[in-house]
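Read the structure below first, then the notes.
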Amino acid sequence: MKYWLVKSEPDAYSWSRFVSEKKATWDGVRNYQARNNLSAMEVGDPVLFYHSVKNQAVVGLAKVVRDAYPDPTVPDDPRWVVVELVPVMAFDNPVTLARLKSEPLLQNMALLRQSRLSVMPVRPDEFELILALAHAPVA
DNA sequence: GCCAACGTTGGC
DNA sequence: GCCAACGTTGGC
């Protein structure tokens with residue numbers, strides 16, 4: 001089992017919309033590194049959902065329900081793929097970017113080191129810590 | 001609103 | 001193949 005994080009600007013596609021639609025086809029990725037990460041996802045993998053730009057925080061947990069397949073929005077361009085995600089749970093306490101940056105054990109996260117990457121792996125220890133922070137009262 | 005980071009494009 | 005110009009992302 002691998003762990004992941006995807007980013008979305010809430011003005012473009014928010015967690016609340018994801019929850020109301022119950023499933024998302026994660027399309028529009030046009031970066032090779034992000035594409036490679038999508039391709040490596042497997043059904044059942046947990047995925048952290050991060051709001052970029054506004055309300056910068058990990059706001060909930062999703063999971064992969066369909067492995068990568070060619071992006072149907074660009075049928076003539078075989079380079080790009082999508083996966084399908086469903087929401088698992090909203091976090092009681094969204095883990096803000098500031099909180100992530102203040103946590104010594106998270107300093108090597110791809111999220112902090114490569115701010116423009118939109119689909120990235122999360123180490124198991126990082127994932128567990130973020131889940132713990134999401135359930136803990138705000139300090 | 002600004003700007004740093006960085007990926008892409010196109011001229012040479 | 002190099003690199004300057006340009007566009008986009010996303011933090012601040």
Side-chain angles (χ1 to χ4, degrees):
Chain A
M1 165 129 0
K2 300 190 189 75
Y3 302 91
W4 308 96
L5 181 146
V6 297
K7 298 201 295 202
S8 184
E9 288 194 43
D11 285 349
Y13 188 81
S14 67
W15 169 262
S16 60
R17 183 171 160 201
F18 180 41
V19 168
S20 69
E21 294 181 355
K22 299 188 172 61
K23 186 160 92 166
T25 299
W26 211 256
D27 60 19
V29 169
R30 298 292 181 266
N31 167 283
Y32 290 107
Q33 196 178 348
R35 187 277 311 269
N36 292 345
N37 290 330
L38 281 183
S39 294
M41 289 185 182
E42 294 179 340
V43 169
D45 284 353
V47 181
L48 297 169
F49 191 110
Y50 175 80
H51 272 168
S52 63
V53 182
K54 275 184 173 180
N55 313 107
Q56 300 156 322
V58 182
V59 292
L61 179 65
K63 70 175 179 184
V64 179
V65 293
R66 182 172 172 184
D67 288 352
Y69 60 98
D71 188 335
T73 67
V74 282
D76 297 328
D77 192 339
R79 292 176 297 169
W80 309 116
V81 301
V82 300
V83 297
E84 288 176 0
L85 304 177
V86 297
V88 173
M89 57 182 281
F91 288 161
D92 299 333
N93 300 299
V95 183
T96 65
L97 179 62
R99 186 77 184 82
L100 296 172
K101 292 178 104 170
S102 75
E103 181 53 62
L105 295 175
L106 297 178
Q107 295 313 299
N108 288 322
M109 279 192 78
L111 183 71
L112 303 185
R113 298 197 151 229
Q114 255 182 290
S115 67
R116 295 185 53 192
L117 185 60
S118 62
V119 181
M120 66 196 80
V122 177
R123 296 204 323 242
D125 58 313
E126 295 166 342
F127 179 84
E128 293 303 331
L129 178 51
I130 290 169
L131 271 199
L133 294 172
H135 295 305
V138 177

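Quick note on labels: first sequence line is chain A, next is B, and so on, each numbered from 1. Hydrogens, waters and symmetry mates are skipped; everything else that's a heavy atom, side chains included, is used.
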(request) Extract, from 5' to 3' on DNA chain C, the first and final nucleotides lying under 4.0 angstrom from some heavy atom of chain A. (result)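 That gives a stretch of C:dG7 to C:dC12.
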(message) Once rounded to the nearest 0.5 Å, what's the spacing between atom CE of A:Met109 and atom CG of A:Leu129?
(response)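 Going from CE on A:Met109 over to CG on A:Leu129, the span is 9.0 Å.
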(request) Find the distance between NE2 (A:His51) and NZ (A:Lys7) and round it off to the nearest 0.5 Å. (result)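 Nearest 0.5 Å value for the NE2-NZ distance: 13.0 Å.
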(message) Looking at every heavy atom in both A:Asp45 and A:Met1, which two are closest together, and how far apart are they?
(response)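 Closest approach of A:Asp45 to A:Met1: OD1-CA, 3.9 Å.
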(request) Please report the shortest heavy-atom distance between A:Ala62 and A:Phe18, naming the atom on each side. (result)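 Heavy-atom minimum between the residues: CB-CE2, 3.7 Å.
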(request) Can you tell me which residue pairs pass the ring pair (Phe, Tyr, Trp, His ring centres under 6.0 Å) test with a partner in residues 73-105 of chain A, sequence neighbours excluded? (result)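 Checked against ring pair (Phe, Tyr, Trp, His ring centres under 6.0 Å) - neighbours excluded - the pairs reaching residues 73-105 of chain A are A:Tyr32-A:Trp80.
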(message) Just to verify, what does A:Tyr50 make a ring pair (Phe, Tyr, Trp, His ring centres under 6.0 Å) with, not counting sequence neighbours?
(response)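 Expected list: none.
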(request) Would you please enumerate the stems DNA chain C participates in, each stem being three or more consecutive Watson-Crick or G-U wobble pairs with both distances under 3.5 Å? (result)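 Consecutive-pair runs (3 or more) involving DNA chain C: B:1-12 with C:1-12.
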(request) Using the side-chain hydrogen bond (donor to acceptor under 3.5 Å, both in side chains) rule, take A:Thr73 and A:Asp71 through it: C-alpha gap first, then chi angles, then the decisive distance, then the call. (result) CA-CA 5 Å; A:Thr73 67; A:Asp71 188 335; 2.6 Å; yes
(request) May I ask you to list the residues of residues 103-116 of chain A, by number, that have any heavy atom positioned under 4.0 Å from an atom of DNA chain B? (result)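 Residues of residues 103-116 of chain A under 4.0 Å from DNA chain B: A:Arg116.
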(request) Return yes if a side-chain donor-acceptor contact under 3.5 Å exists between A:Asn37 and A:Trp4, otherwise no. (result)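 No, no side-chain donor-acceptor contact under 3.5 Å.
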(message) For the residue pair A:Arg17 / A:Ser20, report whether a side-chain donor-acceptor contact shorter than 3.5 Å exists.
(response)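 Absent: no donor and acceptor within the cut-off.
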(request) Quick one: which residue pairs count as a salt bridge (Lys or Arg N to Asp or Glu O under 4.0 Å) with a foot in residues 107-126 of chain A, not counting sequence neighbours? (result)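 Output for this query lists A:Arg123-A:Asp125, A:Arg123-A:Glu126.
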